[in-house]
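First the proteins, then the strands, lettered A, B, ... as listed; each starts at 1. From a predicted model like this one, the values you see are computed outputs, not experimental measurements.
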Amino acid sequence: MSRLQVVSGKGGTGKTTVAAALALALATEGKRTLLVEVEGRQGIAQLFETEALPYEERKIAVAPGGGEVFALAIDPELALLDYLQMFYKLGGAGRALKKLGAIDFATTIAPGLRDVLLTGKACEAVRRKDRSGRFVYDYVVMDAPPTGRITRFLNVNDEVAGLAKIGPIHNQAQAVMRVLKSPETSVHLVTLLEEMPVQETADGIAELRAARLPVGRVIVNMVRPEVLDAADLELVRTVERSSVAQALSAAGLGGARRGGNAEKLVDPLLEQAAEYAERYTLEQEQRAVLGELGLPLHELPLLAEGIDLAGLYELATELRKQGLS
Amino acid sequence: MSPDPAEASETAEGPEKGRRLSPARVLDVDPLLDDPKTRIVVCCGAGGVGKTTTAAALGLRAAERGRKVVVLTIDPAKRLAQSMGIDSLDNVPRRVKGTEGDGELHAMMLDMKRTFDEVVEAHADPERAAAILANPFYQSLSAGFAGTQEYMAMEKLGQLRARDEWDLIVVDTPPSRSALDFLDAPKRLGSFLDGRLIRLLTAPAKLGGRAGMAFLNVGMSMMTGTLGKLLGGQLLKDVQTFVAAMDTTFGGFRTRADATYKLLQAPGTAFLVVAAPERDALREAAYFVERLAAEDMPLMGLVLNRVHGSGAGRLSAERALAAAENLEEPRIVDQGNGKAGLRNSPDTYGSSQSPASETAAIASEEGSPADTERSVDRLTAGLLRLHADRMQLLSREQRTRDRFTARHPEVAVVEVPALPGDVHDLAGLRDIGERLATGRPDPT
């Protein structure tokens with residue numbers, strides 16, 4: 001199991017939720033994981049129902065069996081200041097630079113610089129060891145940018161190619177690439193069983209592969225329960241309306257005769273089944289497309305009441321059951 | 001004025017009607033689309049709520065009601081572009097064929113790089129334009145800076161409006177997490193490019209003469225030194241030449257962003273907020289509504305997409321589930337293939353269903369091949385469970401919507417039913433337009 005787990009996905013597929021559930025799953029049985037946020041949205045804080053995360057590693061959850069999940073919201077400006085302090089010993093001048101807007105300026109005109117700072121921080125956490133020489137975190141899970149930008153985000157070498165050819169940023173990019181292209185890293189993509197997210201997933205995987213970045217698994221999120229199976233749907237097309245009316249009546253829903261309460265339910269219920277069937281077919285098609293990607297596929301159920309802390313633990317358990325941790 | 005007794009008794013019959021917190025107004029899109037004074041309709045909302053489809057459907061409807069319309073889409077799905085009969089939309093408005101009536105529908109897709117290039121070409125002499133277009137900083141700026149897409153969407157809108165060729169422009173907004181980005185990003189980018197720092201960096205020579213700025217010069221040299229080490233001298237130089245070149249031809253980014261922004265406040269512009277009945281999307285919509293009010297921008301209403309309904313709204317989720325269990329219960333024991341066991345119905349609610357199970361028992365004793373009956377029962381139980389899911393979804397959507405309505409009772413709302421599949425053709429778009437215009441009848 002790779003120690004750096006990068007989670008990406010099309011916007012709206014729930015990649016932050018999956019990343020958080022994965023961090024919980026990996027922490028189970030006494031492990032320690034770090035969940036990293038790079039886009040400054042405070043999505044992790046919302047999920048774990050805590051206040052906004054500062055730029056420091058902070059424990060946000062415990063996992064079954066005594067594990068711990070830490071979280072970090074990386075702020076690229078502060079990360080850059082750290083760097084400058086480390087390499088140029090700026091002292092108070094660093095604050096002056098920030099005040100003048102130079103830090104914001106630098107990370108804005110050079111998006112590559114921003115990305116290398118973000119990935120750099122995550123890679124540093126992966127490699128960090130304590131005094132006894134053990135890794136501080138067993139796993140680092142990154143809630144990464146969406147599929148459309150993930151390859152560029154991770155391929156920092158190319159990104160900083162236009163920047164200074166020497167100096168700490170350049171060295172940093174080299175070090176980051178060594179981690180990201182190694183088996184230590186695994187990039188997972190979250191999708192839904194819908195046409196657009198599936199298409200984007202396929203495109204994203206092709207790009208990641210072309211950039212020689214290690215693609216991990218595809219996680220299908222928010223999968224609806226199978227209420228009717230293929231055999232049921234076959235029967236829906238041929239079933240006699242009157243026999244459905246009789247069954248409804250037998251279940252205590254009124255009269256089966258024309259105009260009876262049970263009889264009046266038949267049409268709307270069959271119509272709902274037809275809608276279900278249409279979606280079922282679309283979902284099966286998308287499953288088939290995903291199956292051709294040649295990657296391990298995992299499915300997480302749709303939680304009807306939306307995601308809360310309990311739901312997050314539920315998803316983490318599901319991920320463990322499916323062998324993701 | 002007195003309430004119709006028949007109406008009252010119907011309300012009593014359908015419990016879901018009483019529960020419903022109706023919006024103050026139902027949004028009526030037709031008068032808005034027909035009004036010759038409406039010149040721009042902006043569809044905004046968080047990503048993934050069907051903004052582009054809504055924009056296209058509104059455009060088609062307006063065109064078929066006789067107006068000459070252009071729809072500016074930002075990032076349409078291939079399917080949607082094809083539904084307008086255009087395989088690849090580009091930066092030029094193309095006439096959509098197959099519309100009915102006297103109006104015209106044109107569609108285009110924003111190409112932000114191309115639009116930026118055009119702005120440069122329109123404002124600089126060929127030589128200078130070529131220099132700007134070749135500048136590496138310009139290239140990364142126009143290809144995908146945070147905010148460039150929004151900035152260029154506004155720019156394009158301004159251009160279309162200035163040409164005055166269309167009666168109505170329908171604009172889709174870029175897919176961003178926050179609907180507010182459409183309003184904020186252009187200004188942010190504009191101020192950045194016009195900002196104090198970029199000026200200081202790019203024109204340090206001008207400052208030399210002013211004695212009071214001497215301390216700044218020390219700061220400047222440290223800053224350019226540090227930035228140079230980080231970014232490389234070349235990038236800074238590129239930025240410098242780019243800003244200088246743009247300045248002389250273009251007259252400042254912020255001024256330009258401000259001018260387009262004003263267009264959004266002008267009479268004739270209408271905003272439609274698009275959302276789905278989900279917590280996050282509606283929270284985003286509420287932010288946007290509040291922001292529009294603060295900016296004096298005219299909000300026409302909320303389009304609530306993908307709302308579910310049911311033709312059997314009177315059968316509650318609870319009753320449907322109980323009935324499903326009734327159908328499955330007596331037969332679990334004798335069902336050989338174990339299918340029923342999979343349909344987790346571990347709980348029985350005991351006495352409440354006894355009269356029903358009696359009928360079920362009687363029914364099962366009557367003739368007909370037991371197998372067929374069993375599979376019909378199984379199917380019917382499935383239909384009832386499907387219905388229970390639907391009713392639970394309905395009530396969740398209702399609660400979410402009510403939260404919005406309670407906070408913003410002044411906002412007119414139109415609900416558009418969820419479609420099981422994608423839109424494939426003009427007929428599909430027309431159908432959505434129809435639903436947009438008529439609103440959803442109550443699910444009774």
Are side-chain heavy atoms of A:E275 and B:R390 found at a separation under 4.5 Å?
-> yes
Just wondering, are more than 12 heavy atoms of other shown residues or ligands nearer than 6.0 Å to CD in A:Q42?
-> yes
Would you mind checking which part of A:E200 comes under 4.5 Å of any heavy atom in chain B, side chain (CB onward), backbone (N, CA, C, O), both or neither?
-> neither
Contacting moiety of A:E195, where chain B heavy atoms sit under 4.5 Å = side chain
Sorted by chain and residue number, the side-chain hydrogen bond (donor to acceptor under 3.5 Å, both in side chains) partners of B:N135 (sequence neighbours excluded) come out as B:T241
Identify which of A:I109, A:N261, A:L248 forms the greatest number of heavy-atom pairs closer than 4.5 Å to chain B.
-> A:I109
Using non-hydrogen atoms only, which part of A:A304 is less than 4.5 Å away from chain B: side chain, backbone, both, or neither?
-> both
Checking B:L235 against chain A: side chain, backbone, both or neither under 4.5 Å from a heavy atom?
-> side chain
Considering only heavy atoms, which portion of B:L315 lies under 4.5 Å from any heavy atom of chain A: side chain, backbone, both, or neither?
-> side chain
Contacting moiety of A:V236, where chain B heavy atoms sit under 4.5 Å | both
Would you say B:R378 and A:D232 make side-chain contact, with heavy atoms under 4.5 Å?
-> yes
Salt bridge (Lys or Arg N to Asp or Glu O under 4.0 Å) with A:R224: which residues, sequence neighbours excluded?
-> A:E283
Should B:R319 and A:L253 be marked as a side-chain contact (heavy atoms from CB on, under 4.5 Å) after you check the CA-CA gap, both sets of side-chain angles, and the distance that decides it?
-> CA-CA 9 Å; B:R319 273 190 75 208; A:L253 294 172; 3.5 Å; yes
Atom group of B:D389 that falls short of 4.5 Å from chain A, counting heavy atoms | side chain
Region of A:V239 in contact with chain B, defined by heavy-atom distances below 4.5 Å = side chain
